[in-house]
Amino acid sequence: MPITRSVARRRTAVTAPLAAAALVLGVTPALPASAAAPPSAVHERPGKTPVDLDALFVGAHPDDESGTLSTLGQWNEDHGVRAGVVTVTRGEGGGNAVGPEEGPALGLLREAEERSAVGKAGVREVFNLDDVDFYYTVSAPLTDQVWGGDTLEKVVRVVRQTRPEIILTMDPAPTPGNHGNHQEAARLAIAAFYAAADPKRFPEQITKEGLKPFAPARLLTSGARGTGQPGEACSSTYKPANPAQNVFGVWSGRTSARQGKTWAAIEREAQRQYASQGWAGFPDVPSDPQQLGCDFFTQVDARVPFPEPGSAAAAAPANILDGALTRPKGGVPLGTRFFLRTSDFDVRPGAAFTVEAEVSAPQRDRLGRSTVALRVPEGWQVTGSGDLGRVRAGQTAKATFTVTPPAQAEPGRVRVAATLTTENGGGYTDRQVEVSPPVRAAQQPLPQVAQYEEWTAEVGVPQLGGIVQPVLTLPSGGSREVGVVVTNVGSETRSGTVRIDLPGGFTAERTEAPFEDLAAGESVTVPFKVTNSDPSLKTSNEGGDYAYTITTTIDGGGSAVTRPALELVPATTVPQAETAPAVDGAEGDGEYTGDTLDISRRWEGSECASAADCSGTAKLAWHDDTLYVLVHVKDDVLGTALESSDCKRHWRTDAVEVTLDPRGASENTSTTFKTAVLPVTAEGPPCFLRDADNRQGPGEETAPGMKVASTTGDGEYTVEMSIPMEVLPGAVDPEHLGLNILVYDSDTQDKTGQTRIGWSTWGGVQGDPYRWGVARLPGYQPPADRPVTPPEPVIPDTALSSLDSPQTLEQSVRVNVPPAGAPAADPAARVVSASSGRDSVRVRLQAGEPGEAHLFVRDAEGTAGSEVVKISRKGVTTVTVPVTRVPGEGATVLAGWAARDGGTAAASAPLR
């Protein structure tokens, strides 16, 4: 879905009124020495070569790296590992529990928090890419659309500039509740792992910018799917859900020799730096180290040998460093490349495939006489020689094997492993393959899952596919068509049958159907109409997942079984009111004659201590072309009463959210209507807004004609609203209106929420329209001229420019990496001199071409003055920068430079 030109992605400079906020923010979040060089030393550049990093974490927002800081801190203290963080956005779309800043000003604040946080783990470099943090979504496709097509190029540029041996990132899969920005950041990191090594990708970085292709050694995502236990053995006892997957754990219970506390405690101190996100009050971690667990990382790929799963080395703190940054005892020299390629990821029982082992010796170390031995599951056959001969320094050798699974090989993921033996040490590597029958069947995927599977194929990471359980939702007591996609992955035309075996409480018009003459490589969808015949079954996260079995039988022999799930969501009928209910915050006689909806189910946060702590009911009606909603909430402690001008990001305090998907078919919330009502404000009356939907902003502007009212009592409040259906993004389908009613409960005065309850409840449900409940509106018909297709979404599009972040500019000067992931400006401007006046600073700039300069006067207290000026000609230009106070001793002038072609640079000079 296109985004209109008026909301196209752009980066916003901190100028005019916002400059005042920048001045304040330059002072209040004081940066530790580990996060930024002191102003007096910032101009002392170590050289023209960009900083050389050992590890790089790629995330979407400040705080995304917070769960890895125990590991990064251990690596830094024990092995001198220099790590950096790429943050695609500065989190401008998040909440703010510490002040009124929002948009770019909030981005400046959150950047300061991040630099302070990561500094506790010895991390100094944070690379911001200036993309837009628009709102919470679980859609990676929407994120990609908003961020634009140049973000991968920027990530690749940072990788080529900083040359990290290890890349860490987030979960790229659309698992329920996984933030779409997190998914997209992970996909960028994974794609960059391969693209940075390929001279054909972004070749202008090589031919014009002078960068070189760079191949990182190991790629891992943070987190894992599996089970384990806390304590020192957390790594060795972890059991991955996919036994062929390589999961490495780093125990957080180890004590820092320098800081005298566990790394988990240090990580928690770092997390508390994110005060704007309400993290300042995070509780202490357990003092008993045996109650502390591991930071887990799942390996996606490796170009170097790594510890063999199940070995002592695989459970050691340096398990991820081995082969990339540390040489284990008996291992090959650092710089040795060793990896496998398989001709196929999907392999067939009884069908041969090839495995190629490639070994490259470091430029200055020989491996000598070398052999590779292949390991396969029991019963598999291997032919081929692993003799590599003598491998000299800088030389590459290969060995090719033919592998044949047995005809009765069980379906599933398995490891094909290899060990390298040389005169100069040994090593291990492996590769996953999946044993598949010739024909397989799967429940039709959700759109975001189908897109993810396409992405894994495009990037060449099939090992990341198939990890999201297929689910489809079904309204309680309702019916839907469930498509079973049958795919012939073999080499011959096939026929057979598909059977579904449903759990109790579900029926189907048929449970078995044939497929005929399915050609190799082709797919066909076999439909089944499924009904929830027992409406008393639990819905949502109270037990609404109902797994069933799909069995595919192939004519002539062979079968396959998969286990998808149907998820029940609640359903209701909204009656027509004879007269329009009065929107007064109270239920009048006969106004709401329909079902009373239970909205007390917890979906995120802490459990309600009691019904008095948090619980609720809701009723709905419609009249003419308007929907009416009445919500009654029991809440014995009200959260922060915000000023009506601060009626935004409602999850910070008590609020009621109503979400509507007009056709019940939206992939993400950009085609839905979401409104939230704060029952009280500091001035008294309620306020309302739209958020994370087709058009966000104050309710009066974005939902004209909508009315809200509220009443409060002892330990309770009632919210009532009328929503003209003409403000919804598209005509309502009266048989399938997506509906949810959610309550955000805060029992504190620090602008943080504790509990979230609602009607249709799943983790991340506010961003997942397909998991909302379903409402019928009997008798309602939308106006004939109302369009069905939703209008193009209006997406928040303001992000802080790195050129307006003194923190970023100071780093850029120190590490010689241009701001914002942009190419280096050539020619760039430099600060010739800077001298103090009474109320200003006089700066002389030398520019090689016209451009724009962003100037900051900085000292130990922060920013004393700033100015943005356009330079219309090359040569020396004198600029006067006003200051709000007299700069202190050791002050400097920072200059961020934007060239006409999009290149950036940073420079500085001492203030005389």
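These figures come from a predicted structure and were not determined experimentally. Because only heavy atoms are used, hydrogens play no part in the values below, and waters and symmetry mates are left out as well, while side chains stay in.
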Q: Search all heavy atoms of G902 against all heavy atoms of A822 and return the closest pair with its distance.
A: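 Between these two residues, the closest heavy atoms are O-CB, 3.7 Å.
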Q: Measure the spacing between CH2 of W251 and CZ of F296 and express it to the nearest 0.5 Å.
A: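 Output value for this atom pair is 12.5 Å.
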Q) How many angstroms lie between CD1 in I166 and CD in Q299, if you round to the nearest 0.5 Å? A)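 Between atom CD1 of I166 and atom CD of Q299 there are 9.5 Å.
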Checking side-chain polar atoms at under 3.5 Å, does [X] have a donor or acceptor matched by the opposite partner on [Y]?
X    : Y    : value
S276 : E113 : yes
H182 : D64  : yes
D295 : T68  : no
T221 : D171 : no
S70  : S252 : no

Q.
Before you tell me yes or no, could you show the steps for N424 and D365 under side chain to side chain donor-acceptor pair (under 3.5 Å), namely the whole-Å CA-CA distance, both residues' side-chain angles and the distance that decides it to 0.1 Å?
A. CA-CA 9 Å; N424 202 4; D365 286 294; 4.6 Å; no
Indicate yes or no: does [X] engage [Y] in a salt bridge with an N to O separation below 4.0 Å.
X    : Y    : answer
E358 : R337 : no
D901 : K208 : no
E114 : R90  : no
D63  : R110 : yes
E153 : R157 : yes
K154 : D131 : yes
D78  : R254 : yes

Q: Step by step, work out the side chain to side chain donor-acceptor pair (under 3.5 Å) result for T863 and R858.
A: CA-CA 5 Å; T863 299; R858 295 276 285 174; 2.9 Å; yes
Q: Report the C-alpha separation of S66 and E267 in whole Å, then their side-chain angles, then the decisive distance to 0.1 Å, and conclude whether the side chain to side chain donor-acceptor pair (under 3.5 Å) test is met.
A: CA-CA 7 Å; S66 62; E267 180 177 273; over 6 Å; no
Between [X] and [Y], is any pair of side-chain heavy atoms under 4.5 Å apart?
X    : Y    : result
C294 : V250 : no
T298 : L220 : no
L72  : E65  : no
E125 : V118 : no

Q) Run the side-chain contact (heavy atoms from CB on, under 4.5 Å) check on S256 and I266 step by step: do they pass? A) CA-CA 9 Å; S256 165; I266 297 168; 3.6 Å; yes
Q: Step by step, work out the side-chain contact (heavy atoms from CB on, under 4.5 Å) result for H61 and D133.
A: CA-CA 8 Å; H61 319 100; D133 179 35; 3.3 Å; yes
Q. Is there a side-chain contact (heavy atoms from CB on, under 4.5 Å) between T71 and W263 once you walk through the steps?
A. CA-CA 8 Å; T71 296; W263 280 105; over 6 Å; no
(Q) Does R218 qualify as a cation-pi partner of F248, given the criterion of NZ or CZ under 6.0 Å from the six-membered ring centre and within 45 degrees of its axis? (A)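 The answer is yes; both the distance and angle limits are met.
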